[in-house]
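No hydrogens, no waters, no symmetry mates; every other heavy atom, side chains included, goes into these values. Values in this document were obtained by computation on a predicted structure and should not be read as measured data.
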Amino acid sequence: MRNYFYGLVTYLGVLTGKIPAHFMRNFIYRHFFKLKLGSKATLYGGAKFRSPWRVTIGRSSIIGEDSLLDGRGELTIGQNVNIGSGVWIWTTEHDLNDPDFAATKGSVFIDDYAWISSRVTIL
């Protein structure tokens, strides 16, 4: 049942990313998905989240189109950060050295005034 709920939340988040109005997307992300979103932050269309309630985006930061932000291990993005289109930031991955290929988590922190170009993957 827990996996079903998580899948449903992820699906609703994808649908939210397709809403063609910044203020409406931001409102839904803040109030329904508990995304910690600073003032004047901009989330462009198609942005996707894993565990958005564990993602913090600072004031005046920009998240480009079709980005994927993974909060399962906790993700913090500072103020005035520019993240380009198609960026993937993962906080959870599989351990290649584990015989069971177990998942591992870690937090990712992106400092203020960082610029991450399009199509970058951060692990």
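Panel note: side chain Ser61, backbone Ile57; no donor-acceptor pair is recorded below 3.5 Å. Within the 3.5 Å criterion, the main-chain N or O of Ile63 finds no donor-acceptor partner in the side chain of Thr42. The closest donor-acceptor contact from the side chain of Lys36 to the backbone of Trp53 lies under 3.5 Å.
For Phe5, the CZ atom counts as loosely surrounded, since its 6.0 Å shell holds 12 or fewer non-hydrogen atoms of other residues, nucleotides or ligands. Remark: Phe109 CZ is packed, more than 12 non-hydrogen atoms of other residues, nucleotides or ligands lying under 6.0 Å away.
Inter-residue side-chain proximity for Glu93 and Thr104 is flagged as met; some heavy-atom pair is nearer than 4.5 Å. Contact annotation: the side chain of Leu68 approaches that of Trp90 to within less than 4.5 Å [non-hydrogen atoms, C-beta and beyond]. Looking at heavy atoms from C-beta onward, Thr91 lies out of side-chain contact with Glu74 at the 4.5 angstrom threshold. The closest side-chain heavy-atom distance from Ile89 to Thr121 is not below 4.5 Å. In this structure, Asp70 and Thr92 have side chains that are in contact, with non-hydrogen atoms separated by less than 4.5 Å. Taking the side chain as every heavy atom from C-beta outward, Ile122 and Trp88 never approach each other to under 4.5 Å. Taking 4.5 Å as the limit, every side-chain heavy atom of Ile77 sits out of range of all side-chain heavy atoms of Thr56.
For Arg119, there are no side-chain hydrogen bond (donor to acceptor under 3.5 Å, both in side chains) partners two or more places apart in sequence or in a different chain.
Residues Gly58 and Ala41 approach most closely at O-CB, 3.8 Å, considering heavy atoms. Scanning all heavy atoms of the two residues, the minimum distance from Ser60 to Asn80 falls at CB-OD1, 3.2 Å.
In this pair, Tyr44 and His22 present their aromatic rings perpendicular. The plane angle is above 60°, beyond the 30 to 60° band. Between Tyr29 and Phe33, the ring planes are tilted. Angles from 30° to 60° get that label.
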